[in-house]
Amino acid sequence: NAGVTQTPKFQVLKTGQSMTLQCAQDMNHNSMYWYRQDPGMGLRLIYYSASEGTTDKGEVPNGYNVSRLNKREFSLRLESAAPSQTSVYFCASSPTSGGRDTQYFGPGTRLTVL
Amino acid sequence: SQQGEEDPQALSIQEGENATMNCSYKTSINNLQWYRQNSGRGLVHLILIRSNEREKHSGRLRVTLDTSKKSSSLLITASRAADTASYFCATVVSGYSTLTFGKGTMLLVSP
């Protein structure tokens, strides 16, 4: 039981390049989330998926797209990376939506955009 | 502005001492959650306390919630070096379905 896994762990991009961050969970959770964490800051929600087939914007969605591929997988895409997107990205999942449950976090992807 | 804000920003104590961190928030909530983050790692859930609860315990952790003051505290008793981490409070605002995190308290426990 791996919990929440994220790939890659580290990535360096040049401005304008695109990439997709992958996230998978094996806990049969309905809801999944993408956050970013900047130095000295808490986590900020980028996008979330309350259930398979739905996605919604969070606090900082600009510059990102997401895909809930199936119940297990939720990917985050940067179409044209910018230096402001340098951050650590965390994926999380929870059994249900509505904020009633705890969230389980992956180990993070450290992204640098030059 | 942040919904939840932790205080202090940093705390340094000796092993065996108690550590208290506070969280204040602005609007009414459904629940408040505390998470721990070790350096370079993902967040780990510690305790969830609902708006109709006043106190919860889990091992050496004690969380209180005062909805009239819009504040919560996390007490770690008999701290260990392994408790060194950043601690975040997160709230679910009434009428919403997502967590909003504070900036965290960095706790350093020295042997």
Side-chain angles (χ1 to χ4, degrees), chain A residues 2-7 9-10 21 23-25 27 29-51 54-61 66 87-111, chain B residues 1-10 21 23-53 56 58 61 63 72 74 85-106:
Chain A
V4 179
T5 57
Q6 293 182 235
T7 55
K9 286 186 169 53
F10 301 93
L21 281 65
C23 174
Q25 52 92 9
M27 296 174 283
H29 286 173
N30 286 312
S31 301
M32 298 185 73
Y33 312 83
W34 276 106
Y35 294 91
R36 61 177 288 173
Q37 184 178 34
D38 300 302
M41 299 287 289
L43 276 67
R44 291 184 293 170
L45 183 65
I46 305 171
Y47 271 94
Y48 66 102
S49 171
S51 61
T54 69
T55 60
D56 284 289
K57 295 178 180 179
E59 181 185 352
V60 288
V66 290
S87 190
V88 182
Y89 291 85
F90 290 99
C91 177
S93 69
S94 63
T96 63
S97 61
R100 295 185 296 272
D101 297 312
T102 65
Q103 293 187 12
Y104 296 79
F105 284 81
T109 294
R110 189 172 296 273
L111 176 66
Chain B
S1 61
Q2 296 287 127
Q3 157 68 347
E5 298 210 9
E6 294 89 342
D7 172 66
Q9 290 185 322
M21 289 158 266
C23 172
S24 59
Y25 57 92
K26 294 181 170 60
T27 57
S28 62
I29 60 172
N30 285 331
N31 68 65
L32 184 146
Q33 304 181 29
W34 285 91
Y35 288 81
R36 183 187 75 229
Q37 184 180 35
N38 291 90
S39 181
R41 301 288 189 93
L43 277 71
V44 174
H45 177 259
L46 297 176
I47 288 184
L48 182 155
I49 186 164
R50 303 189 193 285
S51 60
N52 61 352
E53 297 175 313
K56 288 190 83 169
S58 177
L61 307 181
V63 167
S72 173
L74 169 66
S86 291
Y87 292 81
F88 295 90
C89 74
T91 55
V92 178
V93 173
S94 296
Y96 290 83
S97 60
T98 56
L99 281 175
T100 301
F101 284 83
K103 294 182 181 180
T105 292
M106 289 182 59

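No hydrogens, no waters, no symmetry mates; every other heavy atom, side chains included, goes into these values. In the text below, chain A, chain B and the rest are named by the order of the sequence lines, each starting its count at 1.
For the residue pair A:Gln103/B:Gln33, the side-chain donor-acceptor check at 3.5 Å is not satisfied.
With a 4.5 angstrom heavy-atom cutoff, A:Asp101 touches chain B only via backbone atoms. Heavy-atom distances place no part of B:Gln9 under 4.5 Å from chain A, backbone and side chain included. Using a 4.5 Å cut-off between heavy atoms, A:Leu43 touches chain B through backbone and side chain atoms alike. Both the backbone and the side chain of B:Leu43 come within contact range of chain A, each with at least one heavy atom under 4.5 Å from a heavy atom of that chain.
Taking CD of A:Glu59 as the reference point, atom OG1 of B:Thr98 lies at 9.0 Å (rounded to 0.5 Å). Going from atom CG of B:Leu46 over to atom OG1 of A:Thr102 covers 10.5 Å, rounded to the nearest 0.5 Å. Annotation: the span from A:Phe105 atom CZ to B:His45 atom NE2 amounts to 10.0 Å, rounded to 0.5 Å.
Residues B:Leu99 and A:Tyr35 approach most closely at CB-OH, 4.0 Å, considering heavy atoms. In terms of heavy-atom proximity, A:Tyr48 sits nearest to B:Ser97 at OH-OG, 3.8 Å.
With contacts defined as side-chain heavy-atom distances shorter than 4.5 Å, the pair B:Phe101/A:Leu45 does not qualify.
Contact count against chain A (heavy-atom pairs under 4.5 Å) is highest for B:Asn31 among B:Ile47, B:Asn31, B:Val44.
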